[in-house]
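Throughout, a chain's letter reflects where its sequence line sits, starting with A, and its residues are numbered from 1.
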Amino acid sequence: QVQLVQSGSELKKPGASVKVSCKASGYTFTNYALNWVRQAPGQGLEWMGWIHTKTGNPTYAQGFTGRFVFSLDTSVSTAYLQISSLKAEDTAVYFCARGQTTNYYASGYWGQGTLVTVSS
Amino acid sequence: QSALTQPASVSGSPGQSITISCTGSSSDVGGYNYVSWYQQHPGNVPKLMIYDVSNRPSGVPDRFSGSKSGNTASLTISGLQTEDEADYYCSSYTSSDTLVFGGGTKLTVL
C-alpha cells in the first residue's frame, strides 16, 4: 500500500536550518508529483509548492521562495524539504502529500506530518 | 494568490444534509475543474474526500458529493453522521499553475 513516512519532530533555534524527509513506498516514486503543505498551530492548510519527481523541478508558492528548498533522492524514493534561516513563524507541521492522479492538483496520500518548532 | 473563501463554521444534526461553500474567482475555482476537498479531524492528517470537483476517491462514502457553479464550489454531506465532525478545506488549481487552499470550515454535528 502507498505510504509516505516523514522524519521526526525537530526543535531548532532561530537562524538554524532543518531538513525534513518524506520516504515513499508502495508505488513507483517518479510517477507521481509530491506536494508540500504547511499547517501552523491552530491554523489552516497552506500549500507550499510541489516537486516533479521525474525531473526534480520544484515550484514554490508565493511566500515560500528563498529559504525553502525541495529536493529528491530518487534512489531511495525520498523527498526533502529544507528550510534555512528559521524564524519563530516557521513553527508548524509540515506535510508531504502525493498526487491522487499523475498531476499535483489533489493530494490523495499524506505523510504523517513533521512538527518543526523554532524557539530560542 | 488569495485564499479561497469558506464559511468559518457550519452545523447540522445527524441524518441531515449540509453544504460547505468555497468561493474563488475565474482564475481558480471558476476557471478549472480541479477543486478538491479535504477532511481533517483534530490532530490527524488531512484526508482527500473529493477531487476534480466531483470525483470521490476509493473508500469515501457516497454521502459526500462535490459540485461547482461559476466561481463557487460546494461540498455536500448527506445523512450527516457524528464522525463527520471535522474541519474541511477546499483547494483549487490556479491560473498561475499553483494551488490555493480555502481557510477551512469547522463542521459541528449537533
Student: So among B/Thr94, B/Thr98, B/Val100, which one has a side-chain contact (heavy atoms from CB on, under 4.5 Å) with A/Trp47?
Tutor: B/Thr98
Student: Would you kindly confirm whether A/Phe29 and A/Leu81 end up in one hydrophobic cluster when ILVMFWY residues are joined by side chain heavy atoms under 4.5 Å apart?
Tutor: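 Looking at the clustering, A/Leu81 is in the same group as A/Phe29.
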Student: Tell me, for B/Asp97 versus chain A, whether the close heavy atoms (under 4.5 Å) come from the side chain, the backbone, both or neither.
Tutor: both
Student: Should B/Leu99 and A/Asn35 count as side-chain neighbours, where that means a heavy-atom distance under 4.5 Å?
Tutor: yes
Student: Does one hydrophobic cluster hold both A/Leu72 and A/Tyr32, with members joined at side-chain heavy-atom distances below 4.5 Å?
Tutor: yes
Student: Quick one, A/Val37 and B/Phe101 - any side-chain contact, counting heavy atoms below 4.5 Å?
Tutor: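 A/Val37 vs B/Phe101: side chains touch.
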Student: To the closest 0.5 Å, what do you measure between CD (A/Glu46) and OG (B/Ser91)?
Tutor: 13.5 Å
Student: With a 4.5 Å cut-off on heavy-atom pairs, point out which of A/Phe95, A/Trp50, A/Tyr104 contacts chain B the most.
Tutor: A/Tyr104
Student: If hydrophobic clusters are built by linking Ile, Leu, Val, Met, Phe, Trp and Tyr wherever their side-chain heavy atoms come under 4.5 Å apart, do A/Tyr60 and A/Val20 end up in the same one?
Tutor: yes
Student: Which residues, numbered in order, of residues 70-81 of chain B come under 4.5 angstrom of chain A by heavy-atom distance?
Tutor: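 No residue falls under the 4.5 Å cut-off.
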Student: Within residues 29-49 of chain B, which residues come under 4.5 Å of chain A, heavy atom to heavy atom?
Tutor: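 B/Tyr34, B/Ser36, B/Tyr38, B/Gln40, B/Val45, B/Pro46, B/Leu48, listed by number.
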Student: Begin from the C-alpha positions of A/Gln39 and B/Tyr89 and carry the test side-chain contact (heavy atoms from CB on, under 4.5 Å) through to its verdict.
Tutor: CA-CA 12 Å; A/Gln39 188 168 37; B/Tyr89 296 91; 3.6 Å; yes
